[in-house]
Amino acid sequence: MATTIPPPPSPFPHMKPLLSLSPLSSLSLPPFNPKPPNVSSSPLTQPNPTHHHHSPSPFAPRRLLRLAVDRRDLDLGRAAHAAAVKAQDIEDTRLGNALISMYLKLGRLSDARKAFDALPSPDVASFSSLISAYAKCGRPVEAAGLFCRMRFLGVEPNEFSFVAILTSCIRQLDGRLGSQVHAFAVKTDHCSCVHVSNALLGVYVKCGCASAADQLFGEMVERDVSSWNAVMLGMVEECRYDEVFRLFNLMQMEGYHGDGFSLSTLLTAAAHGFGGAGGEAVHAYALKIGLELDLSVGNALVGFYTQFGCVEDVADVFWRMPIKDVTSWTGMLTGYMEFGMVESAVDIFDQMPERNCVTYNALLAGYCHNGEGARGLDLFRHILENDLEISDFTLTSAINACGMVSDLKTSEQVHAFMIKSGCKSSSWVEAALLDMCAKCGRIEDAEKMFTSWAHEESFPVAWTSLICAHSRCGLHFEALHLFQTGLRRDDPVVMDAFALAMILGLCGTLGFVELGQQLHCVATKSGLLSDVEVGNALFSMYAKCGRLEDATSLFSQMPQHDTVSWNALIMAYLIHRQGDKALDVWDSMNMVGVKPDFITFLLVISACRYTRSNSVDVCHKLFQSMESSYNIIPTSEHYSAMVDVLGYWGSFDEAEQLIKNMPSKPNASVWRALLDSCRLRSNMTLGRQAAQSLLELEPQDPSTYVLISNLYSASGRWHCSEKVRQDMREKGLQKHPVRSWITHHSTMHSFYARDRSHPQSKDIYSALDILILECMKAGYEPDTCFVLHEVEEYQKKNFLFYHSAKLAVVYGLLISGPDQPVRVVKNIHLCGDCHAFMKYVSSVTGREISVRDASGFHNFRAGVCSCGDYWSELGYSSSTSDQSVLQPDGCMTVRETLF
DNA sequence: ATAGGGTTAG
């Protein structure tokens with residue numbers, strides 16, 4: 001049997017494929033071809049060999065061709081080709097078309113092209129079939145070139161030609177060419193064909209020309225289910241998800257029955273929109289009409305349940321599908337990744353019969369989604385080494401993985417690779433690169449990229465990334481400045497949910513309740529308020545600004561709550577030191593059935609410190625239930641929170657026991673928690689041990705240095721103390737400067753210790769001096785042990801009196817009305833002297849003073865603080881490696897009372 | 001079917 005046929009020489013060797021497309025309207029129309037186009041049947045199904053005038057032998061080429069296609073036997077097909085050549089039939093157009101068809105069906109586009117080139121007079125069917133094939137495999141240039149050549153040769157396009165060329169427009173998202181074809185189709189009266197119109201609808205929908213699609217749909221004289229499906233898909237593309245359901249109902253009212261594509265479009269709408277119930281209804285309907293396991297419906301169900309269901313639903317649909325394609329497997333992989341089941345996803349990946357570029361991207365993105373940056377980078381390396389296909393998706397995920405491992409060197413390598421390989425062009429990739437730089441500590445590089453930003457499309461993303469990077473580094477004011485630059489552009493950035501949530505977080509951190517309220521309005525007007533994450537951020541903003549009532553009323557209005565919402569509610573009570581209420585929330589959370597996460601446990605355990613009565617038992621129970629009931633393994637953070645609570649209630653034996661039983665070596669935060677409790681309860685013996693362990697463990701930690709420094713200064717060894725501090729400075733351990741601030745009329749007034757930069761500082765200092773005298777009359781005794789500098793006693797007071805918190809509070813008293821509370825925010829903990837002072841101030845002035853520090857709120861009223869004077873110097877979660885300890889302000893967090 | 005930025009905790 002013949003195996004290969006040398007391809008016949010091309011009849012048009014001089015003609016190159018057209019590389020650039022001129023608009024169709026500018027093409028000169030060829031002379032009218034009097035031969036009527038063959039429109040009665042598909043161009044490629046030309047059966048009935050018996051009617052043919054050639055040999056009816058069973059070995060006739062035509063019959064062989066059919067057999068070859070049925071058996072998917074390429075060798076047989078080639079044999080038929082040989083037979084055709086031998087029978088000198090090869091110049092027959094209809095036989096040639098059958099040959100083209102055979103090669104295309106067997107996936108041999110290049111052979112089909114050779115057969116086409118061998119035809120002396122290709123007809124409309126020859127052209128259409130080949131154009132369609134080029135369109136489907138993403139080669140629009142060849143498709144359009146053939147279309148032009150067909151016209152040049154005077155072959156009139158028919159419906160099939162139009163559908164084919166439009167398919168290529170869809171593939172390359174060329175709406176302009178699409179509308180030119182549209183005009184041409186109208187001119188040649190092919191628009192009445194429902195298939196042509198449907199293809200046109202497809203082009204408009206995919207190219208984002210929704211109005212053109214709407215208009216065409218309205219003008220169509222004949223519609224079928226595909227027409228409706230195309231418009232429904234258009235609504236999905238436009239994010240008008242409720243419209244999809246409306247259209248579906250309309251279609252049914254007009255007597256059409258939805259097919260698998262309609263249902264899968266509905267499910268996509270439900271998955272992307274807010275249609276949990278809608279999606280389940282579609283599932284029920286699919287069951288009823290027996291389409292549940294249809295390939296496209298099944299795939300859409302997998303996607304829907306990944307968004308609005310549980311992993312069991314996803315797996316159930318997937319495994320019952322009788323026929324699965326790459327999309328199905330990739331969907332299942334994504335499902336497992338979304339539900340955090342990385343190993344199951346990898347398992348699916350290993351089992352897949354076939355993988356493509358998207359599959360690899362999904363795996364890579366899944367690793368990123370689950371915080372497995374290192375595995376993501378390994379996979380990326382594997383993709384590169386094996387020369388697998390990569391796309392923008394691959395690159396953005398790889399960059400994302402790199403930002404996740406946050407390694408400067410890797411980030412530079414990846415960055416260099418992107419530049420070298422020249423794939424930096426896409427705006428998505430650039431936005432991802434900027435974000436990576438910001439995350440790997442290359443904030444200057446990020447800024448450089450930002451200022452030379454070329455792409456408008458992803459500007460909001462880069463903007464958000466950069467703001468976020470600044471606020472992560474503690475550069476809050478720079479972050480806000482960037483925020484303003486975005487709003488003041490000629491083309492102001494439109495905030496989306498992400499940006500809004502982030503800026504709200506910033507408002508919360510800074511205590512900017514006025515800006516926060518304005519953003520609340522923005523959220524309400526834009527509809528972004530229904531976004532859970534925006535709701536959560538808004539809630540936290542109010543809570544952190546001391547507006548607990550505004551926060552809780554917002555909570556009750558939120559359309560839905562997730563774990564983060566509940567955590568935020570617990571945290572709100574926690575920073576207001578209302579432990580019992582925080583624990584009540586924990587009960588409600590369980591009643592509602594929301595799954596707690598590891599943060600929930602950090603919060604509720606910490607809440608046991610702020611309960612009215614001893615809640616050591618409660619916190620033991622919580623701690624034990626973590627693993628047994630919720631399958632959450634306690635981390636060292638949970639241990640230090642426990643130690644903090646146990647120590648607070650004086651259960652030092654239990655605290656020691658817990659530390660001894662830790663599965664891993666107790667880390668510094670555990671010892672810090674113990675140390676702080678010992679300070680509070682004056683447990684000297686244990687405190688010394690804790691300090692010793694801390695010193696051994698973290699000789700490099702700033703707070704350890706302060707500890708030693710305090711040790712020296714407390715015993716009057718100033719030189720040693722100062723030397724330690726100098727060491728510390730030389731090692732660059734100094735972190736953010738301490739400051740306190742207050743907002744008034746949307747302006748922030750920020751103070752350092754002994755700060756005289758404020759324009760009204762003369763007034764502030766005289767007021768403070770008067771206030772100090774008044775307080776001293778009322779019994780205030782400055783506690784100079786909070787001054788750690790080698791200075792004379794009178795100077796010590798000077799250092800103490802002008803701590804940033806005191807300056808900010810006095811300024812607040814000066815500028816606000818007598819009935820208003822003074823709200824000050826301090827970026828680290830209040831020192832004991834400031835704390836005592838504020839109590840006197842509140843009673844002497846009769847004003848309410850609220851100071852938010854790193855541990856939460858201190859609300860001073862009539863000489864009493866809401867913290868009950870048992871405030872932690874380490875914050876509510878003792879895991880805080882306190883960065884604030886070293887500040888010139890002198891508000892130290894570790895006191896020397898122990899020694 | 002796959003991608004960027006954030007919200008709770010630090």
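Since this is a predicted model, take the numbers as computed values, not measurements. Naming: A, B, ... by sequence-line order, numbering from 1 per chain.
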A:Tyr630 six-ring centre to A:Lys595 NZ/CZ under 6.0 Å and within 45° of normal: no
Compare the minimum distances between each of B:dG5, B:dA1, B:dT2 and the side chain of A:Thr464, then state the nucleotide with the smallest one. B:dG5
Here the distance between atom P of B:dT7 and atom CG of A:Leu554, to the nearest Å, is 17 Å
Nearest-angstrom distance from the residue atom CG of A:Leu574 to C1' of B:dG10: 13 Å
Starting the side chain at C-beta, find the nucleotide from B:dA3, B:dA1, B:dG5 nearest to A:Asn356. B:dA1
How many whole angstroms separate atom CE of A:Met495 from atom P of B:dT7? 15 Å
Name the closest nucleotide to the A:Thr327 side chain, picking from B:dA1, B:dT7, B:dT8. B:dA1
A:Ile390 CD1 to B:dA3 C1', in whole Å, measures 14 Å
Do A:Ser411 and A:Arg442 have a side chain donor and acceptor closer than 3.5 Å? yes
At under 4.0 Å between heavy atoms, what does A:Val534 touch on the DNA or RNA strands: base, sugar-phosphate, or nothing? base
What's the closest nucleotide to the A:Ala501 side chain, out of B:dT7, B:dT8, B:dG5? B:dT7
Polar side-chain contact A:Asn361-B:dA1 base: donor and acceptor under 3.5 Å: no
Quick one: label A:Asn400 by what it contacts on the DNA or RNA (base, sugar-phosphate, nothing), any heavy atom closer than 4.0 Å. sugar-phosphate
Residue A:Cys468, side-chain heavy atoms: nucleotide from B:dA1, B:dA3, B:dG5 that is nearest: B:dG5
Proximity to the side chain of A:Thr330 - top-ranked nucleotide from B:dG5, B:dT7, B:dA1: B:dA1
Measuring from the side chain of A:Asp597 (C-beta onward, heavy atoms only), which nucleotide among B:dT2, B:dT8, B:dG5 has the closest atom? B:dT8
Using the six-membered ring wherever Trp is involved, compare the ring planes of A:Tyr241 and A:His272 and label them parallel, tilted or perpendicular (cut-offs 30° and 60°). parallel
For atom CD1 of A:Ile467 and atom P of B:dT7, their distance in whole Å: 12 Å
Taking atom P of B:dA1 as reference, at what distance in whole Å does atom CZ of A:Phe304 sit? 14 Å
Per-pair stack call A:Trp428 and B:dA3, 5.5 Å, 30°: yes
Are the side chain of A:Arg547 and the backbone N or O of A:Phe539 linked by a donor-acceptor pair below 3.5 Å? no
Distance check needed: B:dG5 P versus A:Ile443 CD1, whole Å only. 15 Å
Round to the nearest Å and state the distance from A:Asp562 atom CG to B:dT7 atom P. 13 Å
NA contact type, A:Lys544, heavy-atom cut-off 4.0 Å: base, sugar-phosphate, or nothing? sugar-phosphate
Hey, does A:Ala432 reach any base, or is it just sugar-phosphate, or nothing, if we go heavy atoms under 4.0 Å? nothing
Could you work out which one of B:dA1, B:dT7, B:dG5 sits closest to the side chain of A:Thr268? B:dA1
Classify the nucleic acid contact of A:Asp325 as base, sugar-phosphate or nothing, counting any heavy atom under 4.0 Å across all strands shown. nothing
Tell me whether the rings of A:Trp319 and A:Trp329 are parallel (<30°), tilted (30 to 60°) or perpendicular (>60°). perpendicular
Do the non-hydrogen side-chain atoms of A:Trp463 and A:Phe450 ever get within less than 4.5 Å of each other? yes
To the side chain of A:Val358, which of B:dA3, B:dA1, B:dT8 is closest? B:dA1
Of the listed B:dT2, B:dG5, B:dA3, the closest approach to the A:Ala362 side chain comes from B:dT2
